[in-house]
2 protein chains.
Amino acid sequence: MARPKSTEARNEALAAAGGVVVDIGVGGFTVDEVVRRSGVAKTTIYRHWGSAQNLLFEAVEQLIVPEPEPNTGSLEADLREMGDFMLGIPTDIKVRSRRIFAGLLEGSIDDPTIAELFTRLHEERRRPVAAILTRAAERGEIDARYGVPPDLDTAVDVVVGPFFSRVLISDERLSEDDVDVWMAMIRRGLQAD
Amino acid sequence: MARPKSTEARNEALAAAGGVVVDIGVGGFTVDEVVRRSGVAKTTIYRHWGSAQNLLFEAVEQLIVPEPEPNTGSLEADLREMGDFMLGIPTDIKVRSRRIFAGLLEGSIDDPTIAELFTRLHEERRRPVAAILTRAAERGEIDARYGVPPDLDTAVDVVVGPFFSRVLISDERLSEDDVDVWMAMIRRGLQAD
DNA sequence: TGGTTTCGATACGAACTAGTATCGAAACGT
DNA sequence: ACGTTTCGATACTAGTTCGTATCGAAACCA
């Protein structure tokens, strides 16, 4: 053992790689761009990660942040909290999220490692919603069958789908009215018959 | 005038280009691949379209098929018809749709022409749903405000969102139960207070 | 301090892509 | 039948990317 691998160079390269994913997207990710931004030599990058794909994988992975999971004791308040969280996300963060999302979706089609990454991001988005619905079902606020699979999965799609449609796909701003309509839909739509 | 441009070569190239978009995706579209598949010379392709992007544009455009627009006279039946249509789409067509969708979403981020194409595809998907909701509002089956913008747009997101989430994003099969839950949601969720 | 390993820099090879140039052959209009 | 234009084929330029090779300098452990 002589000189250990510089964690400094590693961190700088990884940070730059994250910036590339955010600014350019998964599809336009290149090692050369990481080199340009970080100043870290290409040789060093390949010594650390072995391939461009490994670096991309770790760069995307670090960008996946856990979503908040409100647990106030009532469905209404949980949903309101989630809605407010969505409304409070700055525009530039939304743009970045959309870029990452689109790149992972496109990349996951023929790249299994990207597909796994996309699945992980996707699960992270669904997890808190599923928890909210399960608790609401236990409290009797919604039909019990929407609290456990397989109908839970369908219910989660119903809850998160409108947001995907509006924010990620249509690329339009989310208004307070949208959240109100969305909440009313869920309240009434998932009630027991 | 001597020899007119061969419509045969043009059609073969365009068909092959459509196949490339379907099989590989918008992101992996290359002229060389079209040449390989069609047998049409690269020179000829550039004589007809001028650039790879123009060919891609037209190839995608021809793949956008108009959606059915049920008009039975009742919201229930209109939704049921749309649901049945969705359920009846063969798996391979769904895979293809997802690939095109993902490619356009990713490509539209920094390519304005792709963005326009994506918008067109997206509008085509929303149009029949908006028409159904507007008629349902006129008949008094749902709250009147969901029949005209801007709440109509929100309502459309609520209706199509779950399908986007399940089919295009999660890449999971659509079951009859899903359609039932979805229909109940819309019926109850969009009712007048 | 000495030996080993990583570092950055530069250059390079291989593969792929957009688009152009060239050329003989074939097809079409007149 | 003749002239014009498109056709396919091939080669080419230029640019990009991944990944490797090389090398002197610097950093670290013992």
Side-chain angles (χ1 to χ4, degrees), chain A residues 1-60 103 106-107 109-114 117, chain B residues 1-60 103 106-107 109-114 117:
Chain A
M1 293 297 147
R3 177 181 175 178
K5 282 182 184 167
S6 160
T7 55
E8 194 178 346
R10 190 182 191 282
N11 290 339
E12 277 172 17
L14 188 57
V20 172
V21 170
V22 165
D23 295 342
I24 302 178
V26 174
F29 181 88
T30 65
V31 177
D32 286 332
E33 182 61 26
V34 176
V35 170
R36 266 189 291 274
R37 288 176 178 227
S38 66
V40 175
K42 206 195 229 181
T43 325
T44 304
I45 289 177
Y46 278 94
R47 251 191 288 258
H48 277 270
W49 283 278
S51 75
Q53 204 183 57
N54 288 344
L55 173 56
L56 171 61
F57 195 100
E58 195 171 336
V60 174
E106 158 85 340
I109 284 171
D110 39 30
D111 188 331
T113 65
I114 299 286
L117 223 42
Chain B
M1 293 296 149
R3 177 180 176 182
K5 281 181 184 166
S6 160
T7 56
E8 195 176 346
R10 189 181 192 284
N11 290 340
E12 278 172 16
L14 188 58
V20 172
V21 170
V22 166
D23 295 342
I24 302 179
V26 174
F29 181 87
T30 65
V31 176
D32 286 333
E33 183 60 27
V34 176
V35 170
R36 266 189 291 273
R37 289 176 178 226
S38 66
V40 175
K42 206 193 223 182
T43 326
T44 304
I45 289 177
Y46 276 94
R47 252 191 288 259
H48 276 269
W49 282 278
S51 76
Q53 204 183 54
N54 288 344
L55 173 57
L56 171 62
F57 196 100
E58 194 170 336
V60 173
E106 157 86 338
I109 284 171
D110 40 30
D111 188 331
T113 66
I114 299 286
L117 220 44

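Model, not experiment: these values are computed from the prediction. The chains referred to below are lettered A, B, ... by the order of the sequence lines, with proteins before strands, and numbering in each begins at 1.
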Taking [atom1] from [X] and [atom2] from [N], how many angstroms apart are they, rounded to a whole number?
X: A:W49; N: D:dT20; atom1: CH2; atom2: C1'; value: 18 Å
X: B:D32; N: D:dC12; atom1: CG; atom2: C1'; value: 13 Å
X: A:F29; N: D:dT16; atom1: CZ; atom2: C1'; value: 15 Å
X: B:Y46; N: D:dG8; atom1: OH; atom2: C1'; value: 16 Å
X: A:R36; N: C:dA9; atom1: CZ; atom2: C1'; value: 15 Å
X: A:R47; N: D:dA26; atom1: CZ; atom2: C1'; value: 13 Å
X: A:Q53; N: D:dT17; atom1: CD; atom2: P; value: 17 Å

>> On the side chain of A:K42, is there an atom forming a donor-acceptor pair with the base of C:dG8 - under 3.5 Å, no angle test?
In response: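 Answer no: no donor N or O sits under 3.5 Å from an acceptor.
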>> Using the rule given for side chain to side chain contact (heavy atoms under 4.5 Å, CB included), can you reason through B:V31 versus B:V35, listing the C-alpha separation, both sets of side-chain angles and the distance that settles it, and then say yes or no?
In response: CA-CA 6 Å; B:V31 176; B:V35 170; 4.3 Å; yes
> Looking at side-chain heavy atoms only, is the closest gap between A:R10 and A:E58 below 4.5 Å?
Replying inline: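 In contact.
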>> So B:L14 and B:V34, do their side chains get closer than 4.5 Å, heavy atoms only?
In response: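 Counting from C-beta outward, B:V34 and B:L14 never come under 4.5 Å.
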> For B:H48 and D:dC7, is the shortest distance between a side-chain N/O and OP1 or OP2 below 4.0 Å?
Replying inline: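 Affirmative; the distance criterion is met.
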>> Check this one for me: any side-chain N or O of A:T43 less than 4.0 Å away from OP1 or OP2 of C:dG8?
In response: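 Result: no.
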>> Using heavy-atom distances to pick each residue's nearest nucleotide on DNA chain D, tell me which of B:T44 and A:A52 is more 5'.
In response: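 The answer here is B:T44.
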> Of the residues in residues 8-26 of chain B, which ones touch DNA chain D at a heavy-atom distance under 4.0 Å?
Replying inline: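 Residues of residues 8-26 of chain B that come under 4.0 Å of DNA chain D do not exist, since none gets that close.
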> Nearest of C:dG19, C:dA9, D:dT20 to any side-chain atom of A:A41?
Replying inline: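 It is C:dA9.
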> Without hydrogens or angle criteria, can the side chains of A:T30 and A:D32 be said to hold a donor-acceptor pair below 3.5 Å?
Replying inline: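 Side-chain D/A pair, A:T30 to A:D32: absent.
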> Within the side chain of A:T44, is there an N or O that forms a donor-acceptor pair under 3.5 Å with the backbone of A:V40?
Replying inline: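 No, the answer is negative, given that no donor and acceptor are paired below the 3.5 Å cut-off.
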> Is it true that B:E12 and B:R37 make a salt bridge, defined as a side-chain N closer than 4.0 Å to a carboxylate O?
Replying inline: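 Answer for the salt bridge query: no.
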> For the atom pair CG (B:L55) and NE2 (B:H48), what is the distance rounded to the nearest 0.5 Å?
Replying inline: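 The CG atom of B:L55 sits 11.0 Å away from the NE2 atom of B:H48.
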